[in-house]
Amino acid sequence: MTPSSVGIKDVAAEAGVSVATVSRVLNGHPSVSPASRTRVLAAVEALGYRPNAVARSLRTDQTRTLGLVISDVLNPYFTELARSVEEAARALGYSVIIGNADERPELQDHHVRTLLDRRIDGLLVSPTDGGSPLMLDAVRAGTPMVFVDRWIPGVDVPVVRSDGRQAVRDLVAHLHGLGHRRLAIIAGPAATTTGSERVEAFREALREHGIALPDAYIGQGDFQADSGRRATERFLALPEPPEVVFAADNLMALGALDALRAHGLRVPDDIGLAAFDDIPWFVHTDPPVTAIAQPTADLGRAAVHALIDRIEGRSPQSVILPARLVVRRSCGEHLPGRGDARGHARDEDTSVRRSNP
């Protein structure tokens, strides 16, 4: 007899108890005597019995399954986030079903609806916009939910995210110290909290150094590489192009880099490039890219723990972790006459400046 063919009746026969007693033991019912519980568990072990998860979920109203809807699976940041979520959930006895919204609100809602239909125990979402009626209805219906990375303002749902404002200030101070004054940004969608927040953080940081942010130096992107390419093309067509382009996510930075190379421009000799969302391959570009790094793995773990707290009836607080500036060589850090924000030339290819929220 193979474990897959073993049923609850076989366990009952092996243990010399009723099927009802086996069921009570498997569901942790307190009415079973210690001797019967011992015999049932011994039979389960001897026969290699594995309870049917679907049938058990119907009895316990739990599936031990979490849903995760991420904004773009092709974005290395969200890929790492999903991996961290899956690992943390598995360690706590949960499985994860992942849906890729591809930065499309209608696809996001499709995945949310599908996951809810599958009776998941809780839902992690990185919203693609700020007003999904479906998610609002799910929250009102009592679905355990946690927002991760992005959030919907005004919705009473715990948020697990990083705070990049100080890291953006560190970046602007670093660029100012290198002598750059014409600084442009490729922004994410204004409908997303991360898109609007990063632009405002950049604008405020520039203001602290007496630098304006003209409309011409704001490129509207969508967190996709093509939009980074198009925005950079527009910057380069200006009578006075920027000295540094700051892309508000890694894929838009990749698009910007493609555009610069297509024009035969060298980074950082002709123009500098920085990015939000550090990723492993930034150290392998020539030159390595100066970037703002989020604590992605920590965010994933914190999101899972917050969601399970909700599932189990507790009231978790939102979690905000600091981002940090990673200084490399894509903004002219090693060009003659350039210094860092303190006026000193850097001697190493890579250095990290930590930021606090």
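Note that the structure is a prediction, hence the values are computed from the model and not measured.
- Between Met135 and Met145, the shortest heavy-atom distance links the atoms O-CE, 4.1 Å.
- The main-chain N or O of Val73 is found under 3.5 Å from a side-chain atom of Asn100 such that the two form a donor-acceptor pair.
- Of the candidates Thr296, Asp72, Asp249, Asp149, Tyr77 forms a side chain to side chain donor-acceptor pair (under 3.5 Å) with just one, namely Asp149.
- Without hydrogens or angle criteria, Asn250 side chain to Asp278 main chain gives no donor-acceptor distance under 3.5 Å.
- Between Phe246 and Phe276, the two ring planes are tilted [angle within 30° to 60°].
- Residue Asp117 places its CG atom among more than 12 non-hydrogen atoms of other residues, nucleotides or ligands, all under 6.0 Å distant.
- Summarising the geometry of Val283 relative to Pro288, their closest heavy-atom pair is O-CG, 3.8 Å, with the distance given to 0.1 Å.
- The heavy-atom pair separating Gln108 from Thr128 by the smallest distance is OE1-N, 2.7 Å.
- Once rounded to the nearest 0.5 Å, the distance linking CG of Leu307 with CZ of Arg310 reads 8.5 Å.
- Using modelled atom types and a 3.5 Å distance limit, the side chains of Arg118 and Thr65 yield no donor-acceptor pair.
- In terms of modelled atom types and a separation under 3.5 Å, the side chain of Arg182 and the main chain of Pro241 share a donor-acceptor contact.
- Summarising the geometry of Ile279 relative to Pro76, their closest heavy-atom pair is CG2-CB, 3.6 Å, with the distance given to 0.1 Å.
- Of the inter-residue distances, the one linking His180 atom NE2 with His209 atom NE2 reads 13.0 Å to the nearest 0.5 angstrom.
- Looking at every heavy atom in both residues, Val11 comes nearest to Ala43 through O-CB, 3.8 Å.
- Considering all non-hydrogen atoms of both residues, Ile98 and Ala82 come closest at CD1-CB, 4.0 Å.
- Residue Leu74 holds its CG atom at 7.5 Å from CD of Gln224, rounded to the nearest 0.5 Å.
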